[in-house]
Amino acid sequence: MDKKRIFSGIKPTGDLTLGSYLGAIKNWVGFQDEYECLYCIVNEHAITIRNDPEVLRRRSREQLAQYIAAGLDPKRSIIYLQSHVSQHAELGWILGCYTMMGELNRMTQFKDMSKKHPDNLNAGIYTYPVLMAADILLFDSQLVPVGEDQKQHVELARNIAQRFNGVYGDTFVVPEPFVPKVGARIKSLTNPEAKMSKSDDDPQGSVYILDEPDAILKKFKRAKTDSLGVVHYDPTEQAGISNLMTIYSAVTGKNFDEIEKEFEGKGYGVFKPAVAEAVIDTLRPIREGAEKLIAEGELEKIYRDGAERASAIAEKVLDRVHDVIGFVKR
Ligand code: TYM
């Protein structure tokens with residue numbers, strides 16, 4: 001029997017963070033044996049905000065290097081850049097005709113982005129979830145591993161697939177979101193009410209995968225906590241400490257009870273550097289591996305091969321869609 005398929009992606013709008021790693025990439029690695037996986041650098045999604053072209057290019061390459069250094073294997077998985085596979089945009093147009101404006105109005109990310117970028121409220125920000133649905137449906141993906149913030153978009157992709165199938169019969173596989181139990185919602189270190197984000201205005205709030213160890217230690221030492229002085233999991237009363245516990249749990253595999261016991265009677269002055277050290281140990285091999293890959297210049301071969309394999313799958317699905325809609329065969 002064919003393996004089930006997985007699709008996921010990250011947009012290169014900023015340097016990858018510990019949130020991108022724990023919410024997404026870390027889990028992607030483990031799926032590679034059991035599933036046929038496609039992991040994309042979704043650069044078409046990145047242009048809803050303005051980027052310096054050279055920075056976007058550099059980040060896209062660096063993102064690929066970090067994917068591989070984190071354990072994504074280009075032999076087993078299909079790793080590529082979205083703009084190299086034109087079927088994403090083609091299916092995006094088609095699915096837009098099967099998406100209701102009311103559905104797009106309800107997307108919380110659209111509402112947030114409208115507030116954040118009132119000076120550049122372009123149509124791409126609005127139709128972004130349609131392109132994301134196309135990314136997923138283009139490969140008959142069964143499972144879509146994402147952090148909590150992207151679950152609503154995957155649910156929209158499900159609705160679009162079901163609506164389309166309702167009109168034309170079974171055409172698309174209806175995908176399921178996969179949200180990890182720990183690490184799905186990593187918060188900013190300086191503002192534990194907000195998510196840790198690639199595009200945060202305050203770089204002290206985010207730990208980047210490519211950060212040097214001393215920068216990571218400094219960020220954790222300055223992380224916002226509270227005056228209670230006990231390492232205890234309570235996201236309402238102790239949002240900062242609970243976030244640090246989540247991070248520690250995700251990188252060490254220890255559960256919250258074990259962490260509370262480990263730091264019983266010890267202050268934040270002991271806990272914060274311990275979290276920092278665990279994160280440094282996790283990220284170090286990824287940073288070093290990515291730097292090596294960039295220096296070796298092997299990336300081009302990897303993303304070209306990935307795009308070729310992705311296109312071969314996408315072409316078949318797009319032909320199926322064209323056929324049921326009533327487009328004349330090429
Ligand atoms: P993006 O680029 O914002 O984030 C990439 C992935 O990382 C997860 N993530 C987090 N998880 C936990 N805590 C955080 N602080 C955190 N920050 C980010 C996100 O949930 C996501 O899984 N629209 C998507 C990209 C996309 C996509 C797709 C994803 C485009 N097409 C198709 C899956 C399938 C996005 O903006 O993710």
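Indexing begins at 1, ligand by ligand and atom by atom, following the structure's order.
- Across all non-hydrogen atoms, the minimal contact from Phe110 to Leu104 is CD2-O, 3.9 Å.
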Apply ring pair (Phe, Tyr, Trp, His ring centres under 6.0 Å) to Phe178 and Phe31, showing your working. CA-CA 11 Å; Phe178 172 89; Phe31 288 125; 5.2 Å; yes
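- Tested against Glu315, the residues Arg309, Arg330, Arg320 include a single salt bridge (Lys or Arg N to Asp or Glu O under 4.0 Å) partner, Arg330.
- Listed by chain and number, Phe7, Ser8, Gly9, Ile10, Lys11, Gly19, Ser20, Gly23, Ala24, Val42, His45, Tyr128, Met132, Asp135, Ile136, Val144, Val146, Gly147, Asp149, Gln150, Gly183, Ala184, Arg185, Ile186, Met196, Lys198 each place a non-hydrogen atom less than 4.0 angstrom from ligand 1.
- By the 4.5 Å heavy-atom criterion applied to side chains, Ile79 and Tyr303 are not counted as neighbours.
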Where do Phe271 and Phe220 land on the ring pair (Phe, Tyr, Trp, His ring centres under 6.0 Å) test, with the steps shown first? CA-CA 10 Å; Phe271 180 52; Phe220 277 103; 9.3 Å; no
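- A 4.5 Å side-chain heavy-atom check between His232 and Glu260 finds at least one atom pair inside the cut-off.
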